[in-house]
Amino acid sequence: MYFVPLIYFSALTYYFWHRNKSFDLAVYISLLFTITSLCNVLMILGDFISGSGVLTDGWEPEFGVVPTILYCTLITITIIPFSFLRIEKIKSITNVHRYMIFALTILICIQGFIMYYLVVGSLSDLLNGDFKYLKDAHYAGDITPADAKMLTMPMPIQLLYMLGSMTLLGIPLFFYYTCIEQRSLWLTFPLLAVSISLILRGMLAADRTEIIHYGLMFLFTLIFFRKFITKRVRRFFLISSIPILLVGITYIVAVSASRFEDTEEGASGSMLEYAGQPYANFCYFYDNHNTDLYYFEREFPIISYFIFQSQYVDTKEERTAREGFFIGVFASHIGSWLLDVGVGGCIIISIVFFLLCCLVIQRYDRMEFDIAEVMMIFILGAVPTFGIFYYRYYSIGTAFIYVPVCILYLFSKIVFVWKKHAKKGEDEEDKVVNLIEST
């Protein structure tokens with residue numbers, strides 16, 4: 001049964017590619033789940049199932065028919081809307097609220113510079129540091145030197161630092177200003193630079209999540225804008241990507257080797273389990289989850305924080321004790337939902353997400369988008385794209401990114417509706433004038 005997701009997502013990837021005859025966003029996301037499904041098969045065949053995650057309690061994998069169907073179906077539901085985007089059909093990307101977009105650009109640049117100021121001074125410690133020690137210290141509740149320095153700063157600076165996930169919006173904004181408005185790379189490069197600041201902050205805790213999330217979403221945006229990428233930008237990416245990739249891969253390998261060197265599987269086997277466990281953990285959750293438990297901190301982190309003064313990280317240990325197994329493992333985005341709200345809630349959230357994506361994308365073969373809509377697609381796309389691990393927007397820090405984007409999106413719709421009605425009124429006036437002139 002554990003071969004089914006690999007076969008299914010391989011077929012789904014081919015279907016999306018054959019349908020649109022291009023490597024679009026649906027193909028990309030489906031391919032990611034194909035890769036994790038392959039890692040799951042190799043994990044099982046190689047018997048790498050006793051290192052990290054829920055598999056440490058001696059559970060013998062039982063991949064039932066129902067959880068397997070649920071896993072494949074609900075993930076597909078969250079991918080389908082992105083198949084409506086025909087990248088090669090897009091003709092233009094507009095900017096309805098130019099000054100609001102520029103204000104957001106300035107804001108995330110300020111955030112990025114603050115994070116660089118607080119983080120860079122401590123990065124030298126990584127060269128001589130023990131990644132395993134840094135990670136264990138993070139799990140033990142120790143704060144990084146940058147976080148400690150941040151606490152001495154004025155409250156507005158602390159707030160901008162804590163909401164640093166907004167700097168990821170520098171990725172689509174960089175592509176927009178560079179590829180659509182064709183601004184100089186000297187002017188747009190700071191957007192790309194500040195978007196990387198979140199990775200540097202994560203490195204102080206020997207974190208790999210941020211660099212993987214960044215890489216996945218950078219490729220997501222690259223695919224969306226690929227039609228508009230000029231030779232100048234391609235040359236820039238070719239020159240700059242090589243050293244960045246080398247540093248990134250070296251960092252991930254070093255952190256993984258340090259963290260897993262003492263495990264029975266070794267670093268390579270543990271990395272295979274790291275990438276292949278989502279399907280196994282989803283099945284485990286389905287079989288062992290306490291159906292009487294319901295938590296909504298991950299799904300509504302901002303509301304939960306301001307009204308109930310609680311976040312996912314606050315209830316994680318309590319939930320682990322009540323479930324009887326460690327819940328902080330990779331089980332895909334639908335696995336996170338399953339653990340929080342049960343099977344019924346997981347199905348409902350998947351359908352709501354599908355409808356929300358359809359509302360934003362609107363129709364198949366759409367040829368014009370506003371940059372606010374592109375950013376909305378970006379933050380929605382992070383759910384299934386990074387969903388190969390877990391639900392991304394699980395805390396107020398990660399979820400706050402959709403607040404400015406949703407505001408910009410709503411304003412772009414209001415202006416669009418107003419212009420549409422204004423144009424209709426002008427057409428009616430023209431008809432009256434023509435009628436008068438003809439008489």
Side-chain angles (χ1 to χ4, degrees), residues 1-49 53 55 61-88 212-213 215-220 222-224 226 268-269 271-286 329-338 346-347 350 353-354 357 361 364 380-392:
M1 185 59 70
Y2 58 86
F3 276 96
V4 172
L6 174 60
I7 297 171
Y8 176 80
F9 285 112
S10 297
L12 185 66
T13 303
Y14 175 78
Y15 168 76
F16 285 138
W17 177 83
H18 183 72
R19 178 188 177 187
N20 293 341
K21 301 297 183 183
S22 67
F23 191 87
D24 56 20
L25 294 177
V27 175
Y28 170 60
I29 300 171
S30 182
L31 179 62
L32 292 177
F33 282 96
T34 303
I35 294 172
T36 61
S37 299
L38 174 61
C39 290
N40 175 78
V41 170
L42 297 176
M43 178 185 75
I44 300 299
L45 294 178
D47 197 28
F48 299 128
I49 56 174
L55 308 179
E62 296 179 3
F63 304 103
V65 174
V66 175
T68 299
I69 293 175
L70 199 64
Y71 180 81
C72 295
T73 302
L74 295 184
I75 288 175
T76 303
I77 289 176
T78 60
I79 296 176
I80 286 176
F82 299 95
S83 69
F84 301 156
L85 290 165
R86 296 291 301 277
I87 305 301
E88 71 280 0
I212 293 173
H213 177 247
L216 292 175
M217 295 313 299
F218 184 88
L219 290 175
F220 181 97
L222 182 68
I223 293 169
F224 187 93
R226 71 164 185 264
S268 59
M271 280 296 293
L272 194 62
E273 182 185 6
Y274 183 90
Q277 64 177 280
Y279 168 60
N281 285 333
F282 180 86
C283 292
Y284 184 91
F285 288 171
Y286 182 87
V329 293
F330 303 148
S332 77
H333 55 300
I334 62 167
S336 298
W337 298 337
L338 172 66
C346 182
I347 294 173
S350 299
F353 179 81
F354 170 85
C357 290
I361 297 172
Y364 185 71
L380 289 172
V383 174
T385 301
F386 191 74
I388 57 176
F389 296 113
Y390 55 82
Y391 178 61
R392 172 63 183 176

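Just so it is clear, the values below take in all heavy atoms, side chains as well, and ignore hydrogens, waters and symmetry mates. Index from 1, following the sequence.
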Q: Give the intermediate values and the outcome of side-chain contact (heavy atoms from CB on, under 4.5 Å) for residues Ile80 and Ser83.
A: CA-CA 5 Å; Ile80 286 176; Ser83 69; 4.2 Å; yes

Q: Start with the C-alpha gap between Asp24 and Leu85, add the side-chain angles, then the distance that decides, and say whether side-chain contact (heavy atoms from CB on, under 4.5 Å) holds.
A: CA-CA 8 Å; Asp24 56 20; Leu85 290 165; over 6 Å; no

Q: For the pair Tyr28 and Thr385, evaluate side-chain contact (heavy atoms from CB on, under 4.5 Å) and give the outcome as yes or no after the intermediate values.
A: CA-CA 8 Å; Tyr28 170 60; Thr385 301; 4.0 Å; yes

Q. Checking side-chain hydrogen bond (donor to acceptor under 3.5 Å, both in side chains) for the pair Tyr8/Thr76: CA distance, chi angles, key distance, verdict?
A. CA-CA 10 Å; Tyr8 176 80; Thr76 303; 2.7 Å; yes

(Q) Please evaluate residues Phe63 and Val4 with respect to the criterion side-chain contact (heavy atoms from CB on, under 4.5 Å), reporting the C-alpha separation (whole Å), side-chain torsions for both, the decisive distance (0.1 Å), and the verdict. (A) CA-CA 10 Å; Phe63 304 103; Val4 172; over 6 Å; no

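The shortest distance between side-chain heavy atoms of Ile87 and Ser22 does not fall below 4.5 Å. For the pair Ile388/Phe330, no side-chain contact is recorded, criterion being any heavy-atom separation below 4.5 Å from C-beta on. Contact of the Phe285 side chain with the Val329 side chain is registered, since non-hydrogen atoms from C-beta on lie closer than 4.5 Å. The shortest distance between side-chain heavy atoms of Ile75 and Ile334 falls below 4.5 Å. Residues Thr36 and Leu32 are not in side-chain contact: their nearest non-hydrogen atoms beyond the backbone lie 4.5 Å or more apart. A heavy-atom distance below 4.5 Å is not found between the side chains of Thr34 and Leu12. The shortest side-chain heavy-atom distance between Leu38 and Ile35 does not fall under the 4.5 Å cut-off. In this structure the side chain of Pro384 reaches within 4.5 angstrom of the side chain of Phe82, judged on heavy atoms.
Using a 30° and 60° split on the angle between ring planes, Trp337 and His333 fall in the perpendicular class, above 60°.
For the atom pair NZ (Lys21) and CZ (Arg86), the distance works out to 10.5 Å, reported to the nearest 0.5 Å. Expressed to the nearest 0.5 Å, how far CD1 of Ile44 lies from CD of Gln277 amounts to 11.0 Å. Rounding to the nearest 0.5 Å gives a distance of 7.5 Å between CE of Met1 and CD1 of Ile69. From Phe3, atom CZ reaches atom CG of Asn40 across 9.5 Å, with rounding to the nearest 0.5 Å. We find the OG1-CD1 distance between Thr73 and Ile347 to be 9.0 Å, quoted to the nearest 0.5 Å.
Here the shortest heavy-atom pairing between Val27 and Trp17 reads CG2-N, 3.4 Å. For the pair Pro278 and Ser332, the tightest heavy-atom approach, listed with the atom from each and the gap, is CB-N, 3.9 Å. Closest approach of Thr68 to Gly64, counting heavy atoms only: OG1-O, 2.6 Å. Asn20 and Glu88 get closest at one heavy-atom pair: O-OE2, 4.0 Å. Residues Phe220 and Leu25 come closest through the heavy atom pair O-CD2, 3.3 Å.
Tyr279 and Tyr71 have their aromatic ring centers within a separation under 6.0 angstrom.
Side chains of Tyr390 and Asn281: no donor on one and acceptor on the other come within 3.5 Å.
No donor-acceptor pair under 3.5 Å is formed between the side chain of Arg392 and the backbone N or O of His213. Between the side chain of Thr78 and the main chain of Ser350, no donor-acceptor pair closer than 3.5 Å is present.
Only one option out of Phe389, Phe9, Phe386, Phe282 pairs with Phe33 in a ring-ring contact (aromatic ring centres under 6.0 Å, His included); it is Phe9.
Residue pairs meeting the salt bridge (Lys or Arg N to Asp or Glu O under 4.0 Å) criterion with at least one member in residues 66-80: none, sequence neighbours excluded.
More than 12 heavy atoms of other residues, nucleotides or ligands lie within 6.0 Å of OH in Tyr364, so this atom counts as buried by the packing criterion.
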